[in-house]
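To start, the structure under review is shown below, and the notes come after it.
Both ligands and their constituent atoms are indexed starting at 1 by order of listing.
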Amino acid sequence: MMAGLPADFPDYIPTASRPPIPPETRANVLARADGHCEVCGRRAPLDLHHLHYRTIGREEAGDLQARCRECHRAAHVGLAGEWWNDPEEKEAYYETFYREAALG
Ligand SMILES: [Zn+2]
Ligand SMILES: [Zn+2]
C-alpha cells in the first residue's frame, strides 16, 4: 500500500503489479524528509516518488523522494498536461523535443 496516496491519484505502475518499497527504505526516506516535501520544502502530506524504476522492489533511499502532492504531480505531468508513468521517460522525451526545437 502507498500510505497517504488517495484513490484518485493516478500513480504510474499500479501498486498491485509491482513489489512494495522495502519498509526500511520507506522509513529512511520519510525520516530524511522529516515531514517536508523534498522539492519545495513545504510541510504537507507526502508521497514517495520514484526517481526511476530500475531498482523496483529493492529501492534504496536515494531512488526515492518524498514529495507533496503538487510536486509529485509535477514530476509525472508533461507540458501538454499528459500523464507519464515513468519520469525518466518523460525527461527523455522532452530532452529530444527541446533538442529538435533548438535545431529548428
Ligand atoms: Zn512540494
Ligand atoms: Zn511519482
Side-chain angles (χ1 to χ4, degrees):
M1 269 300 292
M2 293 289 283
L5 211 58
D8 66 350
F9 193 76
D11 216 46
Y12 50 91
I13 305 171
T15 307
S17 68
R18 62 172 169 78
I21 296 166
E24 199 186 305
T25 298
R26 173 181 293 278
N28 286 342
V29 175
L30 291 175
R32 185 181 71 200
D34 192 27
H36 295 83
C37 170
E38 293 191 287
V39 177
C40 70
R42 201 154 56 99
R43 181 172 282 280
L46 300 174
D47 293 334
L48 290 193
H49 169 64
H50 282 86
L51 295 170
H52 60 81
Y53 287 99
R54 294 191 300 270
T55 53
I56 205 87
R58 51 186 173 84
E59 293 94 335
E60 293 180 5
D63 302 323
L64 300 163
Q65 245 180 3
R67 291 187 173 222
C68 72
R69 185 58 32 81
E70 228 169 279
C71 291
H72 193 190
R73 192 174 286 280
H76 290 279
V77 175
L79 294 181
E82 80 286 17
W83 183 265
W84 292 84
N85 286 333
D86 185 340
E88 272 194 324
E89 279 177 29
K90 177 185 144 185
E91 274 172 35
Y93 172 82
Y94 280 110
E95 209 174 280
T96 310
F97 179 78
Y98 283 125
R99 200 163 41 230
E100 283 172 4
L103 291 173

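- Residue A66 comes nearest to L46 through the heavy atom pair CB-CD1, 4.0 Å, listed as atom of the first residue, atom of the second, then distance.
- Here H50 fails the criterion, with no N, O or S atom under 2.8 Å of the Zn ion (ligand 2).
- None of R67, R69, R73 except one satisfies the side chain to side chain donor-acceptor pair (under 3.5 Å) rule with D47; the exception is R69.
- Residue side and main chain included, H72 places no N/O/S atom under 2.8 Å of the Zn ion (ligand 1).
- Atoms SG of C37 and SG of C40, as seen from the Zn ion (ligand 1), are separated by an angle of 110°, to the nearest 10°.
- Taking the Zn ion (ligand 1) as the apex, the angle formed with SG of C71 and SG of C68 is 100°, to the nearest 10 degrees.
- Between E59 atom CD and H52 atom NE2 the span is 8.5 Å, to the nearest 0.5 Å.
- Residue E88 qualifies as enclosed at atom CD: its count of foreign heavy atoms under 6.0 Å is above 12.
- Interatomic distance, D86 CG to H50 NE2, rounded to the nearest 0.5 Å: 10.5 Å.
- When the N, O or S atoms of H49 are ranked by distance to the Zn ion (ligand 2), ND1 comes first.
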